[in-house]
Protein chains: 2
Amino acid sequence: MDSSDQLDATFSALAHPTRRAILARLAEGEATVNTLAEPFEMSLPAISKHIRVLEKAGLIKRGRNAQFRPCTLDAQPLAAVALWTDQYRHIWDVRFDAMDRILNNMKDAKDE
Amino acid sequence: MDSSDQLDATFSALAHPTRRAILARLAEGEATVNTLAEPFEMSLPAISKHIRVLEKAGLIKRGRNAQFRPCTLDAQPLAAVALWTDQYRHIWDVRFDAMDRILNNMKDAKDE
DNA sequence: TGATTAATTAACTAATTGGTTTAATAGTAG
DNA sequence: CTACTATTAAACCAATTAGTTAATTAATCA
C-alpha cells in the first residue's frame, strides 16, 4: 500500500461518525467490541464491520483475551493526516503564515 | 449541517486521490475545470463530479468568467480536520506529550 | 458435556460512489 | 444566426458501503 492508498484508507475510515466515536472511546483506553458497541443503536455485526474498517486503515490493533478481542487505538495514521493537512495550513492560518515568514527570514539571514 | 456532518463531508471528499490532487493544484491558484482535468485520464464529467464533491464539502468555491467556472481553494474545512486530528496528537507524538507536560507544569506553577 | 458469552460470517438489501457515453446548456466569437 | 468552447446534466452500470437478521465459531463456566 503506497502512501496515497494509506491516506485514502485513513480518510475514508474517518468519514463516518460512528467510527470517529469509536476512536474517541479508544483514546481513553483498550475496549472490547461489546463495550465499543454499547453507546450505539446499531447491531453488533454493524459495529464489528466498522471496527474492521478501522483495523484495515491501521487505526486500531486487536488483541486476544479469552473470548474477547480487545481493541486498542493506533494513532500513527493520524500523523500522516496531520502532515498532509499542514501543507495547507498557511492558506487558512494567518498566524502560521506570519511564523513561516519569520522562519524564512531567519534562514535567509543565516545563509548570508 | 452540524460539525460532525461537516467532518463527514470533508473526510470523504479527501478520501480520493483525484480530489486531493485537485486541491493540490488549486493551492497554486485558481483554475478552470478543463485545466484541472488535464492531468487525469478520466473523462471531463468525472472531474466535474469530483469538483462538485469538493464544492459540497466547502473545499472549493466557484466563480463565473465568461463560459468558464473558475475554482478556488477554500482551506477552511481543513482547519477543522487539523483540530480534530490534534485531539490525538499526544498519542502519536512523544514530543507533543512532553511539551504538553511542560505547559501544564507552567500552568500549575502559576496557579500556586 | 451443555449452556452462556463474545465476536464474526453469511446472505441479503438499499443507497451511494465513481466511472462511462451521449446530450444539453451557456457564453463567445465570427 | 452559426459554430465553437466550457461545463453540466442524464442515463446507465459495476462496485462498494452501511445496515439488517440468522447462523456459526470460539472460549469460559457450571
Side-chain angles (χ1 to χ4, degrees), chain A residues 1-2 4-26 29-73, chain B residues 1-2 4-26 29-73:
Chain A
M1 183 150 63
D2 81 355
S4 177
D5 291 347
Q6 176 59 60
L7 272 179
D8 291 357
T10 307
F11 278 128
S12 61
L14 298 178
H16 196 291
T18 302
R19 289 193 291 261
R20 290 197 305 277
I22 289 173
L23 293 184
R25 168 62 189 77
L26 288 176
E30 181 172 286
T32 67
V33 177
N34 270 289
T35 305
L36 290 172
E38 197 275 322
F40 303 101
E41 290 182 346
M42 243 167 282
S43 68
L44 209 50
I47 298 294
S48 199
K49 284 187 185 184
H50 281 306
I51 288 174
R52 227 156 82 91
V53 171
L54 290 166
E55 191 183 6
K56 282 201 173 176
L59 284 160
I60 73 179
K61 303 296 178 212
R62 323 209 49 187
R64 246 268 145 73
N65 179 1
Q67 67 269 67
F68 305 87
R69 306 292 316 279
C71 302
T72 56
L73 179 59
Chain B
M1 183 151 63
D2 82 354
S4 177
D5 291 347
Q6 176 60 60
L7 273 180
D8 291 357
T10 307
F11 279 129
S12 60
L14 297 179
H16 197 292
T18 301
R19 290 193 290 261
R20 290 198 304 278
I22 289 173
L23 293 184
R25 169 62 188 76
L26 288 176
E30 181 173 286
T32 67
V33 178
N34 271 287
T35 306
L36 290 172
E38 197 274 323
F40 304 102
E41 290 183 344
M42 244 168 281
S43 69
L44 209 49
I47 297 295
S48 197
K49 284 187 185 183
H50 282 305
I51 288 173
R52 226 156 82 92
V53 171
L54 291 166
E55 192 183 6
K56 282 202 174 177
L59 285 160
I60 72 180
K61 303 297 178 211
R62 324 211 45 190
R64 247 265 146 74
N65 179 0
Q67 67 269 68
F68 305 87
R69 307 292 317 278
C71 303
T72 57
L73 179 59

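Naming: A, B, ... by sequence-line order, numbering from 1 per chain.
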Least distance between heavy atoms, Pro17(A) atom then Ser4(B) atom: CB-OG, 3.7 Å
Side chain to side chain donor-acceptor pair (under 3.5 Å) pairs, two or more places apart, involving residues 32-47 of chain B: Thr32(B)-Thr35(B)
Residue pairs involving residues 32-54 of chain B (criterion ring-ring contact (aromatic ring centres under 6.0 Å, His included); sequence neighbours excluded): His16(B)-His50(B)
Residue pairs involving residues 11-26 of chain B (criterion salt bridge (Lys or Arg N to Asp or Glu O under 4.0 Å); sequence neighbours excluded): Asp8(A)-Arg20(B)
Residue-level proximity of residues 46-66 of chain A to DNA chain C when a heavy atom falls under 4.0 Å: Ser48(A), Lys49(A), Arg62(A)
Near-strand residues of residues 38-45 of chain B, defined as heavy-atom separation under 4.0 angstrom from DNA chain C: Met42(B), Ser43(B), Pro45(B)
Side chain to side chain, Ile22(A) and Leu59(A), heavy atoms closer than 4.5 Å: no
Strand contacts (DNA chain D) in residues 4-19 of chain B, 4.0 angstrom heavy-atom criterion: none
Contact list for residues 51-63 of chain A, test salt bridge (Lys or Arg N to Asp or Glu O under 4.0 Å), sequence neighbours left out: Lys61(A)-Asp74(A)
side-chain contact (heavy atoms from CB on, under 4.5 Å) involving Gln6(B) - partner list, sequence neighbours excluded: Met1(B), Thr10(B), Pro77(B)
Min side-chain heavy-atom separation Leu26(A)-Leu36(A) under 4.5 Å: yes
Interface limits on DNA chain C, where chain B has a heavy atom under 4.0 Å of a nucleotide atom: dG18(C) to dT28(C)
Any Ile47(B) side-chain heavy atom under 4.5 Å of Thr18(B) side chain: yes
For Glu30(B), side-chain contact (heavy atoms from CB on, under 4.5 Å) partners two or more places apart: Pro70(B), Thr72(B)
Derivation and outcome, side chain to side chain contact (heavy atoms under 4.5 Å, CB included), residues Ile60(B) and Leu23(B): CA-CA 8 Å; Ile60(B) 72 180; Leu23(B) 293 184; 4.0 Å; yes
